Amino acid sequence: MTDTPKDSGAEKPDYKDTVFLPKTNFPMKAGLANKEPAILERWENIGLYQKLRESRKYAEKFILHDGPPYANGNIHIGHALNKTLKDLVVRSQSLLGKDAPYVPGWDCHGLPIEWKIEEQYRKKKRNKDEVPPSEFRAECREYADKWVDVQREEFKRLGVMGEWDTPYLTMDYHAEATIVSELLKFAESGQLYRGAKPVMWSPVEKTALAEAEVEYEDITSTQIDVAFEITAAPNAPKLQELIDAGEKIHAVIWTTTPWTIPVNQALAYGADIEYVIISGTDLNRWSGDSEHLKNYRYLIAKYLLKDFKLRLGLDNEREEWSNEENREVRISPNIKTIWEGKGSELAGAMAKHPMADVLSIPLPDGERLGEGNKPSDEHPTLSLKGEDSKDASFFTKPRPFLDGSTFVTTEAGTGLVHMSPDHGEDDFDLCKAYGINPVFAVDGDGVYREDWAWLPRGDERAGSVINNKFTAPDGPICNDLRDAGALLSAKRDESTKHSYPHSWRSKAKIIYRCTPQWFVPMDKASQTLEPIEEPKTVCPEPVEGQSATHASTSSAGTDDVQNAADELTLRQKAIKAIADTRFVPEKGRNRISSMVEGRPDWVLSRQRAWGVPIALFLDRKTGDYLNDKNVNNRIIEAFKKGGADAWFNADHQEFLGDAYNLDDYDIVTDILDVWFDSGCTHVFTLESDIWPSQSWKADLYLEGSDQHRGWFQSSLLESCGTRGEAPYKAVLTHGFTMDKNGKKMSKSLGNTIDPKKIINVNGADILRLWAASVDYTEDHRIGDEILKGVTDTYRKLRNTFRYMLGGLSDFEESERVAPSDMPELERYILHRLAIVDAQLKEHINNFAFGPYMRTLSSFAQDDLSAFFFDIRKDCLYCDAPSDPKRRAYRSAMDILFHALTRYIAPVLVFTAEEIWQSRFPNENDSIHLKVWPDVDAAWQDDALNDKWGQIREVRIQVTEAIEPLRRDKIIRSSLEAEVRYPLKDLPISGEEFTELCIVADLTDGELSVTKTDHHKCGRCWRLLPEVNEDGDLCGRCEDVIHG
RNA sequence: GGGCCGGUAGCUCAGUUGGUUAGAGCGCACCCCUGAUAAGGGUGAGGUCGCAAGUUCAAAUCUUGCUCGGCCCA
């Protein structure tokens, strides 16, 4: 031995240089934030994604269809989780050998972008209405493009692999053409109709507003009590008796919008609310000489009597009301209760509109009633004109009492609510259920239309319904009601202050107003175009499944009504499709089912600019849309060439061709709901020639749980409407990311966590490992402590790989030992690998990444680091390179290395590559091109498992027994321990067990530990009987060095 | 206000059809090693399973109510 130790003080030589320590350049410290971009660049340079496609060319496909994020703003933690999970799915499926391409997409149309552009205009003091629509749309397009670029870079930095150079955009011309062509499919199959819906409307800007364009401010408005005479009450016999006896009984409603009274069409009660009729004779507060004012009988909710009486000044003994708890009716001497009952008894009851009497009297010169049936300028050809009220028949029709239990309360008012389907959502929905339709009495500027019997445009008293004078207690509405003897109270002062929506732009009050909209019916069997019957005004039972007002009847299919029973409705198709789809987690099925079961018809139209137009021609005479395949094809072709602008800028006569005259048609300028756009992504991406890698239908859609109402549903409905089935085989949903305390993140709370910051500090692999660790099926958290934990897990894993790299340095094929020739310990570990391998595969197929990483980490930690590697350290460091045991160990380690680098590759995409390149440097290669490791199922050996399970248990007993001695400083290293253990309880020899426990010696006896007398080998540090003096060599080491 | 979902150690998660003393990893404390060293090994302390009733011989598990949080509606 020539290389004697240098330290002169030591008597014994230092054998350190003769020990085969792990050798590697792989750094312990990751420095991911710096390293990752370079790795990304290399992948891009070698065309990794294309290489992967090429290598999986003939493999089974797995199509994850990307749900498009909205192209607006930087990505947030939710995007990061979503895209990472998608990447985990794609990469893990690819690892399993499948061809799993990924085409990312963006949602580009819609209000938020439109808004941003408008905002820019406002800053430049430019009026949007003066900008040509094509210019406006071009700016929206440019804006979306800008954010697509930003987000694309952010997603790439996350390590998400995909076709980033050719993503799909909903604003691409081909996409817009497909969207319009899908829309026309709905039109052609009769699954489109024109109906109405109350929307928030600004009479000042004469436009519909979105929720985000509305702000709420306190206003004072006139609050009135109005009496409706009850004409029938078939389910309340006593009440009916009173009516039959000639009593004039009035139902009282209370409202803060007096201007809606002239369009009242019904009254709503709460079925469980208790009502009373009070009778008295002293009401003379308001002018007018109707009989009932002198001798009144009012129907009202019992609980609200007090407030009512106060408003009317009916109560002469106010002090009696001091007790808030007791709101029982206290009858003044001159006020009596003549009827009590539940709201449900009012079912089927009828009342008379307070203006009916006035209007049923022919007016002197018809001035007020207008001439002819002149359509309003709002929607001239619309067959949705509604009631023609010039002969006042609208007002003389009976007003039914409807069950409004879902929204009628006794919080304020009278417990009876007046219903105007034109001007309220509750009103609209309830009336629709009973076949009562809106009448469109108020025009876009907030003034009653010309032919309306009550305050038409021509009336000098008529004003905008948002005008304070118009609704004032002494304004025309109140005055006329007073004249009719129906106004019981009217008040406007500070006490009537309440919150009311205003336009953000003009600050003017807005109203709910029914406007014509396009709908997809949920409950109409497709292909059959049975016109919906004329709604009955009087209809005590809800109309089951009635879609809405006037269905548009197109030319096709009206004859085969007989087949209607065989056809399924869109709702039925969707429910069936849900049953045919796999949901991960399973609870998603329940959620989307209940939503589809309960959802109303799909409103497709928006009165907006930035979107795909509803490219239809409306027949001016009939109001029906033109349904001609040739015309439709010309439209689609034009869209392919010029996008949606083709509709706005086109010569429409060209679309119509020779067969039709543009003068006979109106052009629809509404655009489509952006959810229809995204509902079509499966068509223009999966079925398109642009991405040959894609195919319909998708294996998986993967989005946040909010998309049960969003994309999952819009895609489902779109696909069921056009193809009769879902566009996906499986749907995976994830929860939302909360802050460290489980609270939702928001900018205002200042608890948001920026994914970019995590990437720049810790690295994308840490963020990815976090995403893979949490239970994404639920809401989950992120915060410093959690990220620290993730980083620790990462470091442990990284170090295990580093150890393997060191142990495997200079490993050569010639050294390899076949698993069957390996010692039991190696075979046991390979058995464990086989078990873990199967578990990991199962987790991947269940998209269970949390269990996947936990299985992987604990295998690396418990089985390898703390057990296998620890035991075999002596072998690796000190046995001769040619020793079969050492060769077997390194062979096993090589198998583990190949398996584990592949296992972590989908999650730790950068680290896996770094590890791989560290051992097998090759500029053109990548770990991500590899397939799932070839783990031999035959390695699984249950007998071995039982035996070694037992050994490990005893091993734990031994280490436990050593601990007290170590604590008492009797021994230091476990190598100094001499252990006694009943050998008959050991499935292996004591000699072997000594090695497994890393102790000095093991002899028969009851479990006990003492310090050994042996001396320490100067090279391998084992304490052995053959070593005469500390620092001498043991036999084995002697052989290795000198043999 | 309504529909749906969730609350198990400091953190991330297991916990089968109710069934011994509720588990794991990380972190933490302590100890060892200094030949995986800004590493490695060992031991240990942490939980009235969100709260309260109920069903049962027996409840983290089933039922009801409440509470906190989330998503979607209104």
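Computed from a predicted structure; not experimentally measured. Lettering of chains follows the sequences in order, A, B, ..., and the numbering in each one begins at 1.
Within the structure, salt bridge (charged side-chain N to carboxylate O under 4.0 Å, His left out) pairs that include any residue of residues 774-787 of chain A comprise A/K587-A/E778 (at least two apart or interchain). Evaluation of the salt bridge (charged side-chain N to carboxylate O under 4.0 Å, His left out) test over residues 854-864 of chain A, restricted to residues two or more places apart or in two chains, returns A/R832-A/D863, A/D863-A/R952.
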Using nucleotides 10-12 of chain B, report all nitrogen or oxygen pairs with the protein that are shorter than 3.5 Å.
residue	atom	partner	partner atom	Å
B/G10	O2'	A/E785	OE1	3.4
B/G10	O2'	A/E785	OE2	2.8
B/C11	O4'	A/E785	OE2	3.4
B/U12	O2'	A/S773	O	3.3

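Applying the side chain to side chain donor-acceptor pair (under 3.5 Å) test to A/E586 and every residue at least two apart in sequence or in another chain returns A/R589. A/R955 meets the salt bridge (Lys or Arg N to Asp or Glu O under 4.0 Å) test with no other residue; sequence neighbours excluded. Residues passing the ring-ring contact (aromatic ring centres under 6.0 Å, His included) test with A/F676, sequence neighbours excluded: A/F186, A/W602. Every residue was checked against the salt bridge (Lys or Arg N to Asp or Glu O under 4.0 Å) condition with A/R582, not counting sequence neighbours, and none meets it. Checked against salt bridge (Lys or Arg N to Asp or Glu O under 4.0 Å), A/R966 has the following partners two or more places apart in sequence or in another chain: A/E963. For A/K885, the salt bridge (Lys or Arg N to Asp or Glu O under 4.0 Å) partners are A/E995, not counting sequence neighbours.
Close to B/G35, at under 4.0 Å from its OP1 or OP2, lies a side-chain N or O of A/K16. Applying the 4.0 Å criterion to OP1 and OP2 of B/G41, one finds that A/S865 has a side-chain N or O inside that range. For B/C33, the OP1/OP2 oxygens have a side-chain nitrogen or oxygen of A/R972 closer than 4.0 Å. Residue A/Q957 places none of its side-chain N or O atoms closer than 4.0 Å to OP1 or OP2 of B/U43. One finds a side-chain N or O of A/R802 lying less than 4.0 angstrom from the OP1 or OP2 phosphate oxygen of B/U37. Within the structure, a side-chain polar atom (N or O) of A/K969 is placed less than 4.0 Å from OP1 or OP2 of B/C32. Within the 4.0 Å cut-off from OP1 or OP2 of B/A36, at least one side-chain nitrogen or oxygen of A/Y877 is found.
Going from the C1' atom of B/G1 to that of B/C57 covers 43 Å, rounded to whole Å. Atom P of B/G3 sits at a distance of 24 Å from the matching atom of B/U8, rounded to the whole Å. Distance check on atom C1': B/G2 versus B/U12 gives 34 Å, rounded to whole Å. If you take atom P in B/G50 and the same atom in B/A59, they sit 15 Å apart, rounded to whole Å. B/U61 and B/G7: their C1' atoms are spaced 15 Å apart (whole Å). Rounded to a whole angstrom, the distance from the C1' atom of B/A24 to that of B/G18 is 23 Å. The separation of B/A58 from B/A14, taken at their P atoms, amounts to 30 Å, rounded to a whole angstrom. Rounded to whole Å, the separation between the P atoms of B/U56 and B/U67 comes to 28 Å.
Using a 4.0 Å heavy-atom criterion, one finds that A/C1020 contacts the bases of the nucleic acid, with or without backbone contacts as well. Across all strands shown, A/T959 has heavy atoms under 4.0 Å from sugar-phosphate atoms exclusively, and none from any base. Residue contacts shown for A/N590 are limited to sugar-phosphate atoms, with no base heavy atom under 4.0 Å away.
Side-chain atoms of A/T1012 and A/D1001 form no donor-acceptor pair, as typed in the model, at a separation below 3.5 Å. Inspection of the A/H734 and A/S705 side chains reveals no N or O donor paired with an N or O acceptor under 3.5 Å.
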I'd like a table of donor-acceptor pairs (distance under 3.5 Å, sequence neighbours excluded) in which one partner is a side-chain atom from residues 20-27 of chain A, with atom names and distances.
residue	atom	partner	partner atom	Å
A/T24	OG1	A/F26	N	2.9

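One can find a donor-acceptor pair under 3.5 Å joining the base of B/G42 and the side-chain atoms of A/E963.
Between A/V19 and A/I971, the one whose closest nucleotide on RNA chain B sits nearer the 5' end is A/I971. Between A/W1021 and A/K29, the residue whose closest nucleotide on RNA chain B is further toward the 5' end is A/W1021.
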With B for base contact, S for sugar-phosphate-only contact and - for none (protein heavy atoms under 4.0 Å), nucleotides 66-74 of chain B reads ---SSBSS-
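The environment of NZ in A/K744 is sparse: at most 12 heavy-atom neighbours from other residues, nucleotides or ligands sit within 6.0 Å.
Residues of residues 840-851 of chain A having a heavy atom closer than 4.0 Å to RNA chain B: none are found.
The glycosidic torsion of B/G46 lies within 90° of 0, which places this base in the syn conformation.
Using a 30° and 60° split on the angle between ring planes, A/F897 and A/W916 fall in the parallel class, below 30°.
B/G69 is paired with B/C5 under the criterion used here, namely a Watson-Crick or G-U wobble arrangement in which both key atom distances are under 3.5 Å.
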